[in-house]
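Report on one structure; see the data block that follows.
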Amino acid sequence: MAGHFDSTETGVEYKDYYKTLGVSRDVSADEIKRAYRRLARKYHPDVSKEPDAADKFRAANEAYEVLKDPEKRAAYDRIDPDEARASGARGGGFQPPPDWDRGFEFHGGGYTGGDSADFSDFFESLFGRGFAGGPGAAAGGPRQRGGMRGRDHVARVEIDLEDAFTGATRDLTLNAPDTDAQGRVTHRERTLRVRIPKGVRAGQQLRLSGQGMPGMAGGEAGDLYLEIAFRAHPHFRVDGADLILDLPVAPWEAALGATVKAPTPAGPVDLRIPPNSNGGRRLRLKGRGLPGATPGDLYAVLRITLPPADDEAARALYERMADELAFNPRARLGV
Amino acid sequence: MSRDTDTVLTAYVVESQTTITLGHLCRSCGVHAEWVQQLVAEGVLEPAAAGERERWAFSADSVPRVHTALRLQRDLGLNVSGVALALELMDEIRTLRRQLDAHQER
């Protein structure tokens, strides 16, 4: 979480919630809501591509949790930031003043949203821990005999193309955005050892039985859904089940035809290039894409790569072609 | 962070032909059936088997979509139409990114 001050040994540091939301201390409740909404849209884990979006979103949520509530905001405002920072700097860590919450009723735990695991130690030192984020009976899912089934979790994971190609057992670290009993976003980082089935494709989901939220009153646990994405591969691009490879070829290989080596995820294969192939030609290797009931194909796109004309012999060869071949590459442009 | 790597978990691909009931979908996300009904009315979700609401079935791969819809509504204060618009735009961005990626030379 974005802390503005150095952590102390005890770990609790003062957090400037106004600074987190980018507003001054005297703004109206409406202004605070606007600032929060702006940040939420910018850093929402479903929408944002920024690398630290989840942390920023969490920080904004925590700040908004305090500042949207007139009582909590008033209590928070009673803490002198300079004094809080000074006590942190003395090494004792932040301690709320003894009577800082006098006249307010929220002390001793309980706040409207969020998961205690999700808010900072600073927040907890002020407002206590929230209710344990169990599955929400309040949300009104139909009841089942023998307790209520836990909710499902959804997380996005990136895997290597090779793992999908062959199937593999991998440790996956999940940073799952999720909603708790009060419906606020929470985050949980977990590492699971998962057997990835062969042939899974980007955009597909994997289901892990019983790895969601625990059930209530003896109900079974929910499931974990993993949305699969592939890490960028240095050679292959992915289009559904098909793989696309840019294959560099020499001008004479393209002109005269040749059999060249081409990489595939299963190892190199021999690829026959027909004579008079031009740059951009797509050659299909049937069934060499991602495996499955209908395996994908691998397309090799020819990229003609010129030998550099940086010595006498090479230059002489290019000059001979220029002299002897009547060739205008721009004929189609009418020039 | 919790580590749970002693056991190897087996993952199954969620096939889009697999269907779940309305009740299952509601329990999955902790939402009311009425809310799912609103998503259907806005075209966010398409019941795999139409007809009486009690008999609705949904493709099993719609679970993450409903979770995302719920987060968008709660975190960004969107109404159901806003959620529908955001999801459509997110789908389009995803498709465009995929096409861009498939056509970019490496």
Side-chain angles (χ1 to χ4, degrees), chain A residues 37 40-41 44-47 57 61 135-136 139-142 144 148-149 151-152 154 169 171 173 177-179 181 183-185 188-197 199-200 202-209 211-212 222-223 225-227 232-239 244 246 301 303, chain B residues 1-16 18 20-35 59-78 86-87 89-90 93-95 97-106:
Chain A
R37 289 270 201 245
R41 279 196 302 274
H44 196 279
D46 285 312
V47 180
F57 183 66
N61 258 337
Q144 273 186 322
M148 198 164 77
R149 188 178 178 276
R151 286 190 212 169
D152 296 333
V154 177
T169 297
D171 286 354
T173 298
D178 189 37
T179 44
R184 291 284 298 261
V185 166
R188 205 149 59 106
E189 206 163 80
R190 308 162 71 188
T191 300
L192 298 172
R193 185 157 293 176
V194 177
R195 193 175 292 119
I196 298 165
V200 67
Q204 275 187 323
Q205 299 157 19
L206 297 180
R207 191 171 61 86
L208 295 165
S209 224
Q211 294 297 319
D223 297 335
Y225 285 77
L226 300 178
E227 294 183 287
H233 192 279
H235 306 321
F236 303 109
R237 306 193 297 268
V238 184
D239 186 7
I244 301 162
D246 286 317
V301 183
R303 302 287 176 206
Chain B
M1 164 167 135
S2 65
R3 292 188 70 88
D4 189 9
T5 53
D6 294 340
T7 47
V8 177
L9 304 166
T10 302
Y12 299 95
V13 175
V14 177
E15 303 290 348
S16 51
T18 312
I20 55 176
T21 63
L22 175 62
H24 185 139
L25 190 62
C26 292
R27 282 191 295 279
S28 164
C29 310
V31 294
H32 289 288
E34 285 71 22
W35 192 72
S59 169
D61 60 13
S62 46
V63 168
R65 194 169 177 81
V66 176
H67 278 256
T68 305
L70 190 62
R71 284 195 300 268
L72 289 172
Q73 184 181 42
R74 287 187 168 158
D75 302 339
L76 303 181
L78 302 180
L87 283 172
L89 293 175
M90 283 159 70
I93 290 171
R94 199 172 302 130
T95 308
R97 271 187 218 280
R98 203 175 296 148
Q99 284 172 358
L100 192 67
D101 190 56
H103 288 94
Q104 229 154 31
E105 284 185 41
R106 295 270 151 89

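Just so we're on the same page: letters track the sequence lines, and every chain starts at 1. Hydrogens, waters and symmetry mates are skipped; everything else that's a heavy atom, side chains included, is used.
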Exercise: identify the closest heavy-atom pair between Val13(B) and Pro197(A): CG2-CG, 3.7 Å

My understanding is that only residues two or more places apart in sequence, or in another chain, count here; which of them pass side-chain hydrogen bond (donor to acceptor under 3.5 Å, both in side chains) with Thr10(B)? Arg195(A)

Euclidean distance, Thr68(B) OG1 relative to Glu227(A) CD, rounded to 0.5 Å: 6.0 Å

Shortest non-hydrogen contact from Arg41(A) to Leu76(B)? N-CD2, 3.5 Å

Considering only heavy atoms from C-beta outward, does the side chain of Leu72(B) approach that of Val47(A) to under 4.5 Å? yes

Distance (rounded to the nearest 0.5 Å) between Ser28(B) OG and Arg149(A) CZ: 7.0 Å

Contacting moiety of Arg65(B), where chain A heavy atoms sit under 4.5 Å: neither

Measure across His67(B) and Asp152(A) and return the closest heavy-atom pair with its distance rounded to 0.1 Å. CE1-O, 3.0 Å

Residue pair Arg151(A) / Gly30(B): nearest heavy atoms and the distance that separates them: NE-CA, 3.5 Å

Which atoms of Ile196(A) come close to chain B, meaning under 4.5 Å heavy atom to heavy atom: side chain ones, backbone ones, both, or neither? neither

Qualifying residues under side-chain hydrogen bond (donor to acceptor under 3.5 Å, both in side chains), relative to Asp61(B), sequence neighbours excluded: Ser59(B)

Residue Gln205(A) versus chain B: region with a heavy atom under 4.5 Å: both

Could you pull out the closest heavy-atom pair between Arg37(A) and Asp75(B), with the gap in Å? NH1-O, 3.7 Å

Taking all heavy atoms of Ala60(B) and all of Tyr225(A), pick out the closest pair and write down the distance. O-CE2, 3.9 Å

